[in-house]
S.K.: 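Okay, here's the structure, questions in a sec.
Numbers restart at 1 for each chain; the letters A, B, ... are given by sequence-line order, proteins then strands. All values below come from the heavy atoms of this structure, side chains included, with hydrogens, waters and symmetry mates left out.
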Protein chains: 4
Amino acid sequence: MEFGSDNNAGAAPAILDAVVACSAGPALSYGDDPLTHRVRDRIRTLFDAPGAEVFLVATGTAANALAIASFCPPWGAIYAHEGAHVEQDECGAPEFYTAGAKIRLVSGADGKMTPEELAARIRATGQGDVHSVQRGMLTLTNVTEAGSVYAPAEVAALAKVAKGFDLPVHLDGSRFANALVATGATPAEMTWKAGVDVLSFGGTKNGCLGVEAVVMFDPAPAWEFELRRKRGGHLFSKHRFLAAQMDAYLEGGLWLDLARQANDMATRLEQGLRSLPDVAHAHPRGANIQFVTMPRRAHARAMAAGAHYYLMPHGTPIEGDGDERLLCRLVTSWATTADEVDRFLACVRG
Amino acid sequence: MEFGSDNNAGAAPAILDAVVACSAGPALSYGDDPLTHRVRDRIRTLFDAPGAEVFLVATGTAANALAIASFCPPWGAIYAHEGAHVEQDECGAPEFYTAGAKIRLVSGADGKMTPEELAARIRATGQGDVHSVQRGMLTLTNVTEAGSVYAPAEVAALAKVAKGFDLPVHLDGSRFANALVATGATPAEMTWKAGVDVLSFGGTKNGCLGVEAVVMFDPAPAWEFELRRKRGGHLFSKHRFLAAQMDAYLEGGLWLDLARQANDMATRLEQGLRSLPDVAHAHPRGANIQFVTMPRRAHARAMAAGAHYYLMPHGTPIEGDGDERLLCRLVTSWATTADEVDRFLACVRG
Amino acid sequence: MEFGSDNNAGAAPAILDAVVACSAGPALSYGDDPLTHRVRDRIRTLFDAPGAEVFLVATGTAANALAIASFCPPWGAIYAHEGAHVEQDECGAPEFYTAGAKIRLVSGADGKMTPEELAARIRATGQGDVHSVQRGMLTLTNVTEAGSVYAPAEVAALAKVAKGFDLPVHLDGSRFANALVATGATPAEMTWKAGVDVLSFGGTKNGCLGVEAVVMFDPAPAWEFELRRKRGGHLFSKHRFLAAQMDAYLEGGLWLDLARQANDMATRLEQGLRSLPDVAHAHPRGANIQFVTMPRRAHARAMAAGAHYYLMPHGTPIEGDGDERLLCRLVTSWATTADEVDRFLACVRG
Amino acid sequence: MEFGSDNNAGAAPAILDAVVACSAGPALSYGDDPLTHRVRDRIRTLFDAPGAEVFLVATGTAANALAIASFCPPWGAIYAHEGAHVEQDECGAPEFYTAGAKIRLVSGADGKMTPEELAARIRATGQGDVHSVQRGMLTLTNVTEAGSVYAPAEVAALAKVAKGFDLPVHLDGSRFANALVATGATPAEMTWKAGVDVLSFGGTKNGCLGVEAVVMFDPAPAWEFELRRKRGGHLFSKHRFLAAQMDAYLEGGLWLDLARQANDMATRLEQGLRSLPDVAHAHPRGANIQFVTMPRRAHARAMAAGAHYYLMPHGTPIEGDGDERLLCRLVTSWATTADEVDRFLACVRG
């Protein structure tokens, strides 16, 4: 009963097979191998973006920080939701990679910005005033940290605001597949057709070992990106091991199948929880993450039975047996089974 | 006939097996899994250094830059050999991670510093003079970029110079196993017993997919290292996939077996080449890298037969068929076979 | 009728005299001259802080950024009021000098934090969690950007919160003299006795040409500060020209006399404005800055008569002649005269 | 008898007068005052460069580092002479401001690069190879740190090499006036006509209190420069005090008169020294700096008589009375008198 994080799941068998298979024989290093070239083309095709530049890195923080630094100068303001991973969970990686850009926070219910709030925050930045940081870029997250999902039209509305100020748009898609499955959008509809210039296209959380693609629909800073990747220590020597993961991930739509399993299990979990008294969802669920309040005694039962997940805020103690409602985050993954969900629901039900 | 780089080899079967095996079931992310704990302890034991701190990253550049930045302030001078990887091949990663430290170069034959040259360079830095960068740290490489190997006593002699100025010592050991096999030294003898404070302990080039351990014999900056690693985007979420590689690498001495194969094949290659007229070694060979001058026509024959390796400097064209001597670098790896070596020698022999 | 900024005033005659006088004859450069040594001692005495370290720079942004960078690591959170100069008006200087620290904003009425809000913000930072920036330092501003003044007890209450989390405390005192005159506090009471570790002690706005002292009551990072100052390009070669300003500024209490004039003129201005209908103060005035709403037609009259000051937000157009209330900022300085104030009041009165 | 540094001289009377005069009355801050506008135009006219952008800062290190950072990316190689101020005397300011660029050193006799050496160093940088820093920019110094002077044709020859690789060219002209007087070149001939893109135009060492102009003949990065200057803390609020210095410096050719005095005194000094046995010049003298070896006893006599200057390397002890030859640096300034020179020569003569 693992609901702690989709990072706690292993890798999907087909992806492991590909990693093993690609290892045979010599291959050029640092991304000059044929498999890397193939997977880069594959992503261009998948996104219907023949002019895009595609690069692989091993972590989501690297993908985000390198993507942002390639589009935002040191004196730029990065507009991000106040709960965004880049603000809360990357220990200052965007600031580090940009050499000191400033994240300006946009609030909004359920982890989502509204175009009005975004516009107000951008407008408040003193563009052309040398005393102020300058308007830099917009970064969105989809699936959001609150578990909600932006529809393509919502991404487009926010990107349109940014474009109105000539700002580039980044999408942190560490759970991009889950967002696509949730909305039925195509990769292109969720990204460049909606105004996204650069995407962190996640693989790790959805069944890979550790690989993310940075997809630059605006390829202008591509060479700069490569240099930043290298000096950031993110250019793999045995690059085929990144490429093999991504190649198998995309083969035959595996990535969407994996995300569908995660989302379906989240739906099953939500439906079960919604049928229970004293249990409530804190945000509308969009994909594979849900935030739920439950009585302390229900948590105690679930954890005693071996369920693993986190109370919010992190570090909230669980001991006790009262009726007090405690907020938790429940994440399903490609590896979650219906049986896990049902056993968990049984625990909560008591 | 792959002699281009040990980065061009795949991963050793036992290491791939471990990667596959570790994937089963859930595991805590970001290094809190049992396998990571085990491998960190294992490295402490291997180095006879119970107080050391051990961290895993995926690339050698990350290991070097994070290690250096944790010991050297932004205004520090990093003393490195003029041919060192940190100077020539990391696109400024040390400067980036340290926020602008300065590499001060030490020359020396065959890729090795002498204590005298090192001392002179350190002394020439204006310690205590606010106009000058300050003495920061020493970084050594073993196996060196010229293919030579420092004996433990040589490391100790250089570290002693650094310690005389109260400077910490880093060892870039991307080919640490090859250096140990070449010298017969123990891990402890080559590192902390010789005065090394922090080691980049390479796995990637010697049969792993992508893993390096940073071993901090001086653990004082360990927490700072962890924060730097995270904000550098180098903390793996599915960290077990790094740990599994390193665990299998060390299991049963595999790492030394792999390095021994690489070094033995280099010996076989060297012996064959030394028997040929018009072929000469540019530096004394220490481990699995050798620099050799051969007539252009010999290169042409080898490459026509499918041998892969690099002429020096990179980019030197091979076409032509004359007697001109061209310098090349030949690298063997855990995957090199005697047959490959012999076929190559036959080509060169003509 | 200059109420735009105390930066728009020239330098006080005695300070100009000192600059001219110090120029005679040779003097050691880079701060080794006797006048620099004297002024550093003088500041130690003034603050009753014999162990403090004192350094001079030419701008307030340099003083703030260097002071903050010397106490806060790159992964630190700097707690600042959302209106603070370091956040709004320094184009990211703290982020630049710290190599990417993150300013976490604290809200609060009239430009002032409350201890409760500050504590909540510090507590919300994930100390010990590698994914989060770490608690770094507190920076306060006195006089605040809203024109209010912290009493020493208020500074002490906020510093106590910071100290409860082991955080150092910086005070941006670009208008320190005005704050002292307003509160009657001694330099020591407003700083180290209240828990301040490092002060940006402003001279420029209060009658100097361009000089600020960084007073480190905690002198531990003093040498680091000196190196940061030098590599930031802020170590003056002809340092006596900074020292002479500061020396004359302190001589005979000139600095307090100058601030008293500025504050007295602000009082006169406030009293006049409060007697007028349709004029209101947006914040309680503490020293030499006041924010006032007045009818558009009153602004038009004042500006037509040659008054100079800024509408808020910057860039608000003034044309028109209606009753609409527009917010403005009125700043008095050491150079403001009673006549200027009275003429301005007459304009507003109409 | 001050020969320690031209930084040890005070400010020229006319410049002090201008500083005092500009202080009267209010003036817009941060460079929007009329005097600043006038002096910027004046510099454009002086250099016959109507399209140039001109900015003032207070220190030479700021001028150099900001100029370099505006033209060279973080992954760029900055080609500088091994004795250059940017390498030896700025505590890593270029590395700090560029966010980690790398200075690649060019050797050369008497502080001067040769085109051949420069070309070889540029060619050795792995342009287009992601593992290497990329060719970034050339920075020259005139007057050099060894006291020699590049003729305009020499600057042009070096700039031509850089331009052949599409690299921008910076000239550190902290002693630009001395170089012009020495060569008879016009400002334009020594800069943009010779291929210089950006100049640090020194005022401080030649009679100002503290002001340098950055003259961007290629104005493309001008706005970026302004933002870097602000976030570096180098935008003066009471900017008129910088402008007044520069304005008076240029008025009526004062700057050249001051430099002529410094150079003439250096000539007088050189002629006197060359007539003495046991005294030798280490480099050909170009302007107001000379490096001379003299017997220890001659130094002892001069210092006993109150002469002030530095032995090389800095920190060499003077005590003793033998015949040993010790190297010293002798710098004259606008304030040096013939009497000082003659008294010094008398001391040395013994």
S.K.: Who among D:Gly76, D:Pro313, D:Ser132 has the most heavy-atom pairs with chain B under 4.5 Å?
M.R.: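 The answer is D:Ser132.
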S.K.: Go through the atoms of D:Glu90 and report whether side chain, backbone, both or neither lie under 4.5 Å from a heavy atom of chain B.
M.R.: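 Contact with chain B involves the backbone of D:Glu90 alone.
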S.K.: Counting only non-hydrogen atoms closer than 4.5 Å, does D:Ala124 touch chain B with its backbone (N, CA, C, O), its side chain (CB onward), both, or neither?
M.R.: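 D:Ala124 has no heavy atom closer than 4.5 Å to chain B.
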S.K.: Using 0.5 Å steps for rounding, measure from the CG atom of D:Leu105 to the CD atom of B:Glu82.
M.R.: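 Between D:Leu105 CG and B:Glu82 CD, I get 11.5 Å after rounding to 0.5 Å.
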S.K.: Just how far is it from atom CD of B:Gln134 to atom SG of D:Cys91, taken to the nearest 0.5 Å?
M.R.: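 Atom-to-atom, B:Gln134:CD and D:Cys91:SG are 6.0 Å apart.
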S.K.: Below 4.5 Å, heavy atoms only, C-beta onward: do D:Glu87 and B:Lys102 meet side chain to side chain?
M.R.: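 Yes. Closest side-chain heavy atoms under 4.5 Å.
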